[in-house]
Every structure is written in structure tokens, then in C-alpha cells.
Amino acid sequence: MVTDRILRRLTQGLVTLAGILVYLFLALPVGVIVLSAFSPEPYPQFPPQGVSLRWFSALLDNAGWRESLSISLILLVVVTPLTVILGTFAAWALARLEFRYRETLQAFILSPLMIPQVVLGIALLYVLTAAGIAGLVSGLVIGHIVVALPYVVRTVSVSLAAMDRRLEAVSMSLGAGRWYTFRHVTLPLIKPGMLAGAVFAGVTSFGEVSVSLFLSAPDTITVPVRIFNYVDQTFDPTVNAISVIFIVIAVLILLAIERTIGLVKIL
């Protein structure tokens, strides 16, 4: 008995230690980026030899970075709600309506998850160039929606699958129409899936690189594309500074979700 108890505690301790080491391994690159962003040196240095906001100031003083940040924020604000609306209706149609080739349509909607991003970017470039909107913000919106839509469809589909369909039947049996039932019964019950889809859509849009590389123009460069080009041409902690801003925004969003809804409900 004593031996078994010791072995159990030893096993639990080893598992806990392994988990801590994994978390440290995952957090180490983020810590390096954050600390390097405050380095006063003209090149990334870890550990930094001092503390300075030099690169944050340089970031705000650079018109190119400000323009890219505004473009990315515009895409975030436009793409996220549009993708959630389209993805919710698509998921509902796939789950509730009976029609031919439903599985084919579902596979088509989810295909951006399987198609290489470079191939998808080239295809969108040809299509949007023919439409005359390649290089415009509207073209980037379409490209980001195509990339982010599968995530919303999947998360909302999971919520629909877990929902008790008898609630919709009861609503309609009491005289409510399909649209009224959808707005007042279905939507509140699948809200966690919609919120999870919104998080995934926003993160995907804000960090999209491959498709944006093909669809952006000199005056519509997003932050990830500018980071990609900047790292290729320059090597200073400005990139670390913008990365820290990204990390802070992500943490604030997660804290807001946790305080208002709870991460467990959407993840």
C-alpha cells in the first residue's frame, strides 16, 4: 500500500513536471520576443542590456506601419461579422435542410482547410484580378472570408449537432414560424459556437499571410505581410514591438471573453 502510494505520487509529480516543461517550452519564444522588444540596441538581443521604448516609438512614427495596422483593423472589423453571418447560415442550412449534393457543398465550403494556402492565393488572385478588385481592400475582405469561413462553419455545426432539435419543433408546434424560431430559439443556443467562430475568424484574418501576399497592393499591405517583408529586408526589434502589441491585444480579448462569457463555453 505504501509503495503504491509512493509510486502514484511519483507518477503524478512526473506528469506535472512534464506539463510544466511543455508550457515553458511553448511560452519561451513569446518571452524572448517580449523582452527583445524593449531592447535599446539596434538589433534583437536576448537578454536585453537595458529597457527602452525606442522601437515602440519608431513603430508609431512609421507611416507604413500605421497604414498597415489600419488596414488590418479594417479587415478585422469587416471580415469577422460577415464571416460569422455567412458561416452561421451555411452551417444551419447544412444541418437542417435536406437537398441533393449537401455533402459535396459541405466539402467545398471546408476545402480551404485542405488546399495549400499558396494555391488558394494564386486562385483568388486570378479570380479577383478578372473581377478588377485585386489589390483593393474589398479583394482582401473576400480572400480572408474564404480562408476564415470553414472555421465558423465547423464551430457552429458542432453547436447545432449538440443542440436538442426538439426545442425547435416545440417552438414551431406552438405557432412560431421557422424564421422566428431561428432568431429566438436556435441563435441563443448556438451562440457559443458563433462566438468561437468569431474568435477563429478574427485571429485567422488578423494573422493571414499567404493569401494576403497575393492580394495586397503597395497601399493595402496588411501587418502580417509587412512583417514578412520587413524581416526579409531589415533586422531590428520593430517587428518584436508589433508582435508585443499583437500579444497584448490577444490577451485582452481572451480576458474580456473570460470575464463576460467564459472561455470554457466557446472552446
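One is the number of the first residue; the rest follow in order along the sequence.
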Task: Cluster check Ile85, Phe182: I/L/V/M/F/W/Y, side chain < 4.5 angstrom - done: yes
Open item on the list: I need the Leu94 CG to Leu105 CG distance, nearest 0.5 Å.
Closed with: 5.5 Å
- [ ] Side-chain contact test, heavy atoms from C-beta onward, threshold under 4.5 Å: evaluate it for Ser72 versus Pro224 and give yes or no.
- [x] yes
TODO: For Leu113 and Pro150, work out which heavy atoms get closest and say how close.
DONE: CG-CB, 3.6 Å
TODO: Take atom CZ of Phe228 as the centre, draw a 6.0 Å sphere, and report whether it contains more than 12 heavy atoms from other residues, nucleotides or ligands.
DONE: no
Task: Spatial distance of atom CG (Leu69) from atom CD1 (Ile245) [nearest 0.5 Å] - done: 7.0 Å
Task: Pair Leu140-Ser212, side chain to side chain contact (heavy atoms under 4.5 Å, CB included): steps then yes or no - done: CA-CA 7 Å; Leu140 285 170; Ser212 299; 4.3 Å; yes
Task: Val146 reachable from Leu110 in the ILVMFWY side-chain graph, under 4.5 Å edges - done: yes
- [ ] Hey, could you give me the OG/CD1 distance between Ser68 and Ile227, rounded to the nearest 0.5 Å?
- [x] 9.0 Å
TODO: Give the minimum heavy-atom separation between Ile242 and Val223, together with the two atoms involved.
DONE: CG1-CG1, 3.8 Å
TODO: Would you check, one step at a time, whether the test side chain to side chain contact (heavy atoms under 4.5 Å, CB included) holds for Met194 with Leu187?
DONE: CA-CA 9 Å; Met194 295 172 61; Leu187 280 182; 3.7 Å; yes
- [ ] To the nearest 0.5 angstrom, please state how far the CG atom of Leu73 sits from the CZ atom of Phe206.
- [x] 5.0 Å
- [ ] Could you check if a side-chain atom of Val199 sits within less than 4.5 angstrom of a side-chain atom of Tyr151, using non-hydrogen atoms only?
- [x] no
Task: Heavy-atom side-chain contact between Val137 and Leu75 under 4.5 Å - done: yes
Task: same_hphob_cluster(Ile133, Ile71) at 4.5 Å side-chain heavy-atom cutoff - done: yes
Task: Heavy-atom side-chain proximity of Glu67 to Asp219 below 4.5 angstrom - done: yes
Task: 4.5 Å side-chain heavy-atom contact, Val147 and Gln117 - done: yes
Task: Minimum heavy-atom distance between Gly202 and Thr80, given as atom pair plus value - done: CA-OG1, 3.5 Å
- [ ] To the nearest 0.5 angstrom, please state how far the CH2 atom of Trp65 sits from the CD1 atom of Ile221.
- [x] 10.0 Å
Task: Distance, nearest 0.5 Å, that separates CG of Leu128 from CG of Leu215 - done: 5.5 Å
Open item on the list: Using every non-hydrogen atom in the two residues, find where Thr83 and Val152 come nearest and quote the distance to one decimal.
Closed with: CG2-CG2, 3.6 Å
Open item on the list: Are Trp92 and Phe89 an aromatic pair, judged by ring center distance below 6.0 Å?
Closed with: no
Open item on the list: Between Glu208 and Thr222, does the side chain to side chain contact (heavy atoms under 4.5 Å, CB included) criterion hold? Intermediate values first, please.
Closed with: CA-CA 9 Å; Glu208 171 57 41; Thr222 62; over 6 Å; no
TODO: Could you tell me which non-hydrogen atom of Leu82 sits nearest to which non-hydrogen atom of Val141, and how far apart they are?
DONE: CD1-CG1, 4.4 Å
Open item on the list: Checking Val84 against Val156 for the side chain to side chain contact (heavy atoms under 4.5 Å, CB included) test, could you report, in this order, the C-alpha distance in whole Å, the side-chain angles of both residues, the deciding distance, and whether it holds?
Closed with: CA-CA 9 Å; Val84 171; Val156 176; over 6 Å; no
Open item on the list: Within the 4.5 Å heavy-atom criterion, are Val118 and Leu213 side-chain neighbours or not?
Closed with: no
Open item on the list: Treating Ser111 as the side-chain partner and Phe108 as the backbone partner, does any N or O pair qualify as donor plus acceptor under 3.5 Å?
Closed with: yes
Open item on the list: Are Val211 and Val79 connected into the same hydrophobic cluster when the rule is that any two of I, L, V, M, F, W, Y join if their side-chain heavy atoms are below 4.5 Å apart?
Closed with: yes
Open item on the list: Looking at every non-hydrogen atom in both residues, tell me the closest pair between Thr220 and Gly135 and how far apart they are.
Closed with: OG1-O, 2.9 Å
Open item on the list: Is there a path of hydrophobic side-chain contacts, each under 4.5 Å between heavy atoms of I/L/V/M/F/W/Y residues, joining Ile122 to Met114?
Closed with: no
